[in-house]
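Atoms within each ligand, like the ligands themselves, are counted from 1 in listed order. Both backbone and side-chain heavy atoms feed into the values below; hydrogens, waters and symmetry mates do not. Nothing fancy with the numbering, it's 1 onward along the sequence.
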Amino acid sequence: MNKIVLITGASRGIGREIAKTLDQKGYQIIANYNKSQEQAQKLKEENKNIDIYKADVSKREEVHRMVQYIIEKYHKIDILINNAGISESKLFTDVTDQDWYQMINNNLYSAFCTTQEVLPYMIRKKEGCVINISSIWGIVGSSCETIYSITKAGLDAMTKSLAKELGPSNIRVNSIAPGMIDTDMNKIYGKNEIENIKEGIPLEKIGKTIDIAKCVSWLVEDEYTTGQVISINGGWVII
Ligand code: NAP
């Protein structure tokens, strides 16, 4: 039976590209989406092995229902990709409690919750792979994106801790920390701002969604990488 892959936030951007790439390799994908029904439907229609499921992954009961749907239909989940996320740029002094909870719930609680719901099925099989899509900003911090950076640093801490806890169950947990990738998330930047950013990147270009999908594609087949934060950023951040 094909490997079963759950990708959160797969209607657009990086998650969508990961879904398409793994579909081509013969994996059975469950592409989660929340608001972008039309894009999700199109993704399903244009690909062979993509099933779609609407759930707001910042809500426990919706995540629970999604995981139950997958288990009833496919009987297992081999690979989980926690990709869903939002971003917001604001001065730290302007951030409200509501902003805080919205960012934490969408970027961090979502991954905690989804991983917790999926893990029992991986532990039972003594096999699994979890990939968290974090960010360079979780590594080096970002002005006016403190809460976003906190969520991404939190994801990397989850990756490292879970890798230690789950290694004996043969479950690998890794983060991919992208630099700037051309998706809707960066539509807030104008042409000049993008040009300025490119000047600071050694490879002199913004990344493409396929750059991240290629790394996912390698990582799901690897057998000896766990607890790592792999940053794909054109050399923008070198640590
Ligand atoms: P994007 O184009 O804005 O897409 C975000 C995706 O997340 C959408 O499919 C959206 O689904 C989904 N999503 C958001 N909140 C959700 C929720 N509560 N439940 C379910 N789905 C939800 O963003 P992207 O650039 O592809 O970003 C993907 C991930 O990469 C994020 O975690 C982001 O932080 C990270 N990242 C991106 C960059 C970059 O430069 N683009 C850099 C570093 C890290 P709906 O539209 O269906 O609601």
What part of [X], side chain from CB on, backbone N/CA/C/O, both or neither, has a heavy atom under 4.0 Å from ligand 1?
X: Tyr148; result: side chain
X: Asn32; result: side chain
X: Ile181; result: both
X: Lys152; result: side chain
X: Asn106; result: side chain

* **Close approach of Ala55 to ligand 1, heavy atoms, under 4.0 angstrom** =>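 Heavy atoms of Ala55 do come under 4.0 Å of ligand 1.
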* Asked: If you measure from each heavy atom of Asp56 to ligand 1, is any distance below 4.0 Å?
  ->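 The answer is yes: ligand 1 sits under 4.0 Å from a heavy atom of Asp56.
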Could you identify the single nearest non-hydrogen protein atom to [atom] and state the distance to 0.1 Å?
atom: atom 5 (C) of ligand 1; result: Gly85 O, 3.8 Å
atom: atom 24 (P) of ligand 1; result: Thr183 OG1, 3.6 Å
atom: atom 38 (C) of ligand 1; result: Gly179 O, 3.9 Å
atom: atom 13 (N) of ligand 1; result: Ala84 CB, 3.8 Å
atom: atom 26 (O) of ligand 1; result: Ile14 N, 2.8 Å
atom: atom 44 (C) of ligand 1; result: Ser134 O, 3.0 Å
atom: atom 28 (C) of ligand 1; result: Asn83 OD1, 3.2 Å

* State, to 0.1 Å, how close Cys129 and Ile171 come at their nearest heavy-atom pair, and which atoms those are. =>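 Closest pair (atom of Cys129, atom of Ile171, distance): N-CG2, 4.4 Å.
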* **Least distance between heavy atoms, Gly85 atom then Met185 atom** =>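 Heavy atoms only, the tightest pair is O-CE, 3.6 Å.
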* Which distance, rounded to the nearest 0.5 Å, do you find between the CG of Asp184 and the OG of Ser11? ->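 Result: 9.0 Å between the selected atoms.
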* Describe, in one word, how the ring planes of Tyr69 and Tyr53 are oriented to each other, choosing from parallel (under 30°), tilted (30 to 60°) and perpendicular (over 60°). =>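 Aromatic pair Tyr69/Tyr53 classed tilted.
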Tell me if a side-chain donor or acceptor on [X] pairs with a main-chain N or O of [Y] at a distance below 3.5 Å.
X: Gln28; Y: Asn2; value: no
X: Thr8; Y: Asn83; value: yes
X: Asn106; Y: Ser58; value: no

* Tell me, which pairs form a side chain to side chain donor-acceptor pair (under 3.5 Å) where one or both residues lie in residues 125-134, sequence neighbours left out? ->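 Found Lys3-Glu127, Asp78-Lys125, Asn82-Asn132, Asn132-Thr159, Ser134-Asp156.
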* Taking side-chain contact (heavy atoms from CB on, under 4.5 Å) as the test, write out the residues that go with Lys25, two or more places apart. =>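 In terms of side-chain contact (heavy atoms from CB on, under 4.5 Å), with neighbours along the sequence ignored, Lys25 is linked to Tyr27, Ser217, Glu221.
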Using a plain distance cutoff, I'd like to know if [X] has any nitrogen or oxygen under 3.5 Å from a nitrogen or oxygen of ligand 1.
X: Ser36; value: yes
X: Gly9; value: yes
X: Ile86; value: no

With heavy atoms of [X] as the reference, note each atom of ligand 1 found under 4.0 Å away.
X: Asp184; answer: 2 (O)
X: Asn186; answer: 39 (C), 40 (O), 41 (N)
X: Gly13; answer: 2 (O), 26 (O)

* Asked: Salt bridge or not for Glu195 and Lys198, using N-O below 4.0 Å?
  ->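 Salt bridge: yes.
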